[in-house]
Amino acid sequence: MPLLMVRYNVAEDGAEKVIGAVERAFAALEEQRPEGIRYAYYRRAGGTEFVALLELDEGIENPLPGIGAARELQATVAEWVVGQPPAPQPLDVLGSYGWPADAPTRRDEESVR
C-alpha cells in the first residue's frame, strides 16, 4: 500500500481558494466513493502550508485524476503555490496508533458552531 505525501505553501491570498477547492474535491469523493483509497488533507492551523496524504490499496490505480473536482484542486494549487510545485513523496510508515479514518473536517467543525 503506497502512502504518499504532498506538502506545499501557497500565497496568503490563495489559502481560502485552496480550502474551497479541497472541500469541493472531498464532496466529489463522498459522492463517487472510489474503493481502495484513503485521502486526507490538512492545513497548518491558520496558515498557508498544506499537507495531503494519499494511500492506495495494492493494485488500485489512483482515481483522483478521473475526478473533475480533484483536477480543479490541482489547478488551484498550481495557481497559488509559492516556491517549488508540489510533488508526491513516498512515506514509510514507522508506526501508527488509532489513526483517524474519518477525522472531523473544518466543514464538520463549522456546522457544530
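Just so it is clear, the structure is predicted and the values come from calculations on it, not from any experiment. What you see below is based on every heavy atom in this structure, not just the backbone, and it leaves out hydrogens, waters and symmetry mates.
Between Leu3 and Leu54, every side-chain heavy-atom pair lies at or beyond the 4.5 Å cut-off. In this structure the side chain of Leu4 never reaches within 4.5 angstrom of the side chain of Leu53, judged on heavy atoms. Looking at heavy atoms from C-beta onward, Ile37 lies out of side-chain contact with Asp57 at the 4.5 angstrom threshold.
Once rounded to the nearest 0.5 Å, the distance linking CD of Glu55 with CE of Met5 reads 14.5 Å. Atom CZ of Arg33 and atom CG of Leu29 lie 9.5 Å apart (nearest 0.5 Å). Note that CG of Leu64 and CG of Leu73 are 9.0 Å apart. Values are rounded to the nearest 0.5 Å.
The two atoms that bring Arg24 and Lys17 nearest to each other are NH2-O, 4.4 Å, heavy atoms only. Minimum heavy-atom separation, Ala21 to Thr76: CB-OG1, 3.8 Å. In terms of heavy atoms, Ile60 sits closest to Glu35 at CG2-O, 3.8 Å.
Aromatic ring pairs are classed by plane angle as parallel below 30°, tilted from 30° to 60° and perpendicular above 60°; the pair Tyr41 and Tyr8 is perpendicular. Ring orientation note: the planes of Phe26 and Tyr39 are close to parallel, at an angle under 30° on the 30°/60° scale.
One N or O on the side chain of Arg71 and one on the backbone of Pro65 form a donor-acceptor pair closer than 3.5 Å.
Partners of Glu12 under the side-chain contact (heavy atoms from CB on, under 4.5 Å) rule, at least two apart in sequence or in another chain, are Thr48. Glu49 meets the salt bridge (Lys or Arg N to Asp or Glu O under 4.0 Å) test with Arg7, Arg44; sequence neighbours excluded.
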Checklist entry - When you look at Val6 and Val51, which way does the side chain to side chain contact (heavy atoms under 4.5 Å, CB included) test go after all the steps? => result CA-CA 6 Å; Val6 174; Val51 175; over 6 Å; no

In residues 81-90, what donor-acceptor pairs under 3.5 Å come from side-chain atoms, sequence neighbours left out?
residue: Gln89; atom: NE2; partner: Ala87; partner atom: O; Å: 3.4

